[in-house]
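Worksheet: the structure to be examined is printed underneath.
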Amino acid sequence: MIQVANKATILADLNTAFLSITPPAGPPAAGSMGAPTYVVTNIPAGTTLGAPTGSALVLGTNLFYAGLYQSTTSILITGDLTLDAQGDPNAVFVFQSSSTIGMAAAAGGIASGRSRILLTGGAKASNVWWQAGTDVSLKTYSEFQGNILASRDITMQTGATSCGRLMAGAWVGVGAGSGAFVFDSNVISVPGQPFAPPATYSTTCQ
């Protein structure tokens, strides 16, 4: 059982981490990530990120370069989403949603149609951050890359995989820092550690 004092320290650390990748104007509160190093790029409401496998890459739709991206609603990833570091191994990607972050379920099971985050040009999962104002849901057989800071719950459905650190209950302003993990036959790894996902999935976790 977590001691009360330790719990308070953990929640405070999560809260600090959450705000460290929040723009000065928020939401949910004033953060410390912004100009001049990072300029916030708005993701229009209702935008779905990604495209079917094999689609041409379109910047701002299924292709993103390093930067700070913010949606004042939710973020949904369907199909393939490519994050390209353009040869910079230290490139940082931050996606902030005021509501939920989700990956669509596989249309054809594990064999086809699953949602994937693809890292190219030297991009690393350890340098990718996803911040959710509420919950994160990785649907069946989705392939996720990056660290998650969720205000509330993180749910991974059957066969979903993740390379990155998962932190639920990261914002004390929502649910008093409460957060749950829900897993179902998943493969999860911290960057730099052994990673053995199913065949045809990315086997690199950096």
Side-chain angles (χ1 to χ4, degrees), residues 41-71 73-89 91-97 99-132 135-148 150 154-166 182-191 194-206:
T41 299
N42 180 60
I43 299 175
T47 299
T48 298
L49 306 186
T53 299
S55 298
L57 294 177
V58 178
L59 189 63
T61 299
N62 62 343
L63 170 66
F64 286 83
Y65 299 136
L68 172 57
Y69 302 93
Q70 184 180 61
S71 169
T73 55
S74 60
I75 292 176
L76 175 64
I77 301 165
T78 181
D80 288 352
L81 173 64
T82 298
L83 306 182
D84 186 352
Q86 299 179 289
D88 180 3
V92 175
F93 301 78
V94 177
F95 293 86
Q96 185 199 29
S97 167
S99 183
T100 61
I101 293 175
M103 293 192 75
I110 192 172
S112 65
R114 68 179 185 268
S115 299
R116 305 185 299 171
I117 297 174
L118 307 176
L119 305 182
T120 64
K124 299 177 181 178
S126 55
N127 291 334
V128 179
W129 294 88
W130 300 87
Q131 184 201 69
D135 307 308
V136 173
S137 179
L138 310 181
K139 298 295 180 63
T140 54
Y141 303 110
S142 56
E143 187 175 344
F144 192 85
Q145 300 272 358
N147 308 290
I148 295 175
I154 298 173
T155 299
M156 296 181 67
Q157 293 186 355
T158 304
T161 69
S162 174
C163 169
R165 293 169 173 81
L166 308 180
V182 180
F183 300 130
D184 183 3
S185 303
N186 309 115
V187 178
I188 304 166
S189 182
V190 173
F195 190 50
T200 75
Y201 282 61
S202 171
T203 56
T204 302
C205 184
Q206 296 181 315

Q | By side chain to side chain donor-acceptor pair (under 3.5 Å) - contacts of Thr41 (at least two apart) | A | none
Q) Listed by chain and number, what are the side chain to side chain contact (heavy atoms under 4.5 Å, CB included) partners of Ser189, not counting sequence neighbours? A) Gln193, Phe195, Cys205
Q) Are a donor atom and an acceptor atom from the side chains of Ser97 and Ser99 found within less than 3.5 Å of each other? A) no
Q | Residues which pass side chain to side chain donor-acceptor pair (under 3.5 Å) with Thr100, listed by chain and number, not counting sequence neighbours | A | none
Q) Taking only residues two or more places apart in sequence, or in another chain, which ones meet Thr158 in a side chain to side chain donor-acceptor pair (under 3.5 Å)? A) Asp184
Q: Give every residue pair that meets the salt bridge (Lys or Arg N to Asp or Glu O under 4.0 Å) criterion with at least one member in residues 101-114, sequence neighbours excluded.
A: Arg114-Glu143
Q) With sequence neighbours left out, what residues match Tyr69 under ring pair (Phe, Tyr, Trp, His ring centres under 6.0 Å)? A) Phe64, Phe95
Q: Check side chain to side chain contact (heavy atoms under 4.5 Å, CB included) between Asp84 and all other residues, then give those that pass, not counting sequence neighbours.
A: Leu63, Tyr65, Gln86, Thr120
Q: Would you please name every residue forming a side chain to side chain donor-acceptor pair (under 3.5 Å) with Asp80, sequence neighbours left out?
A: Thr53, Arg116
Q: Just jot down the side chain to side chain contact (heavy atoms under 4.5 Å, CB included) partners of Thr61, sequence neighbours excluded, or say none.
A: Val58
Q) Excluding sequence neighbours, so at least two apart, what forms side chain to side chain contact (heavy atoms under 4.5 Å, CB included) with Ala123? A) Ala85, Phe93, Leu119
**Q.** Residues in ring pair (Phe, Tyr, Trp, His ring centres under 6.0 Å) contact with Phe144, at least two apart in sequence or another chain
**A.** Trp130
